[in-house]
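In listed order, ligands and their atoms are each counted from 1. Bear in mind that the values here come from a model prediction, so they are computed numbers and not experimental data.
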Amino acid sequence: MQNDALKVIPLGGLGEIGMNAMVFETHSDMVLIDCGLQFPDASYPGVEVLVPDLSYVLERLEKLRGIVVTHGHDDHIGAIPFLLREKALHIWATPFPQGLIQHKLTEFPGTHEAHFHVIEPRKKFRVGEFEFDPIPVQHSIIEALAFAVKTPAGIVIHSGDFKHDPKETSRGEITFRAFEEYGDQGVALLLSDSTNAEREGHTLSEVDIEKSFERILSQQSGRLIIALFASNIRRVERILALAKKNGKKVAFMGRSMHSYTRLAFEQNSLSIPEDTVILIENLGQYKDEEVVVLATGSQAEPRSALVRVAEGIHKDLKIKKNDTIVMSSRFIPGNERAITRMIDNLYRSGADVLYESVHQIHVSGHGFQEELLMMLKATRPQFFIPIHGEFRHLSKHAKLAKRAGVQEENVLVIEDGQAVELCAGRMRLAERFEIQKLPAVDNLFVDGSREALQQKHALAKAGIVFVALFRDEKTGELLSDPVVSTQGLLLYHGEEESVMIEGARAKLIEVNDEFGNRDDFVDIVKLETRRYFRKHVSYKPVVIPVVMDCVSQMKRS
Ligand SMILES: [Zn+2]
């Protein structure tokens, strides 16, 4: 690499929502901006989280100067502990994400040390050859940052996740002035959040949804249960203030609701009005119309507080008539079915449920088209790469960039693993790396190969049949009836499993008589068993055949 070149390599978050991780590399230094994880869809059965493939970084660890964090959402920090298993790291972050990372590390014993450096808005810091200027932006979590990075190839702006909400100034004014100033100086490259690039107009203000909450709180006749992301500290704070104003009591429900609010409170980032918070186990001591519960589980995550409430198995909260549940979050694609099932259960228990499509009770943390245009027009970059989004979001954002005046040939829509080199006022595609997501269970990597996942799908779809044949090693005769055992087979109505298994045994005796002396006998057993079940249950189960040739005097009667 030339001395004045910068390589930008997305390892996650481009071509998908989640697991954001971006490498900036010069001839001597490398820095990782964010290192997040993703929650898998149904194509990864049994997998809890997906981690970006960091081999590019792992193969060049001696160059890695550290990780710089834009904000504390899991899709930006969740994979950091996995990298700490490989190497001690310097991490630059504001206090809130730092606290969240430290909390996560308690679930990862034996990692290398994390050397934290506290970032403050607009206080520049150096990481190797790079100089970072942290610019505060608005998002659905506190302390969100964009970065203006001085690199050998010019100024690069990484937007992080952002929106622009001019009415929301509860903790100081946030403007686009810093971006405009950089625009005046000259921005070589802008990397900007594309999550909502398909949505026209401007996001609603948090201040506007406050009015909806005010109305709901002042009119409540039963208990109010508000489901939202625990990381949305500002919204939690707003609801607490409204509760105080309306003489209500608020209980927190769910593990992350407790941990996020505790951390924010300890760091003086959340004000909790006096005499407002009560314990969830004491709900019964207050009148229903006084009670507000802030709950996790807005995405119907399995085992989350709200799912347990909906299923009637939460120990402190049983739904009753007149309770109202407010779903103050978006239904993230992939979760809709679980969410609607949960909402149905809540209705069944007699509650009323309010959600975003019907009431103004949620706004996105990611800017809509007008806000994306604002970023483009403020920074006026020479080159533009849309980040954070599925391919259609990136493509849409690229079109916006042209509308904002960026030359068409200076816009690159790329996906994970595609390196780009910026040098001497030019940008070009560099190498392309094969990237695969790494699945993990209990914070440990598991086999995520195509074969392993295909097996998991086959097991789920068709069930499993275990077959064992014990034979006389000399004569090849069966020493006992074949053992046939099944799991997870769906039988046709009226069909009896015992009858089907009896038939399978008879079939296996025939198979042994006919093919018992063949070298590929085990394969034949597998094939014939699959065929037999194919005829009876119309799909081929996974068959595990065992053939044991034994020394024995015993003979099958
Ligand atoms: Zn975010």
To 10 degrees, how wide is the angle NE2 (H139) to the Zn ion (ligand 1) to NE2 (H71)? 100°
Provide the closest heavy-atom pair for Q299 versus I332 in the form atom of the first, atom of the second, distance. OE1-N, 3.0 Å
Near R126 CZ, under 6.0 Å, is it more than 12 heavy atoms from other residues, nucleotides or ligands? yes
For the residue pair R262 and F265, would you count it as a cation-pi contact if the rule is NZ or CZ under 6.0 angstrom from the ring centre and within 45 degrees of the ring axis? no
More than 12 foreign heavy atoms under 6.0 Å from CD of E408: is that the case here? no
For D161, the N, O or S atom at the shortest distance from the Zn ion (ligand 1) is OD2
Can you tell me if an N/O/S atom from H76 lies under 2.8 Å from the Zn ion (ligand 1)? no
Looking at H73, pick out the N, O or S atom nearest to the Zn ion (ligand 1) and give its name. ND1
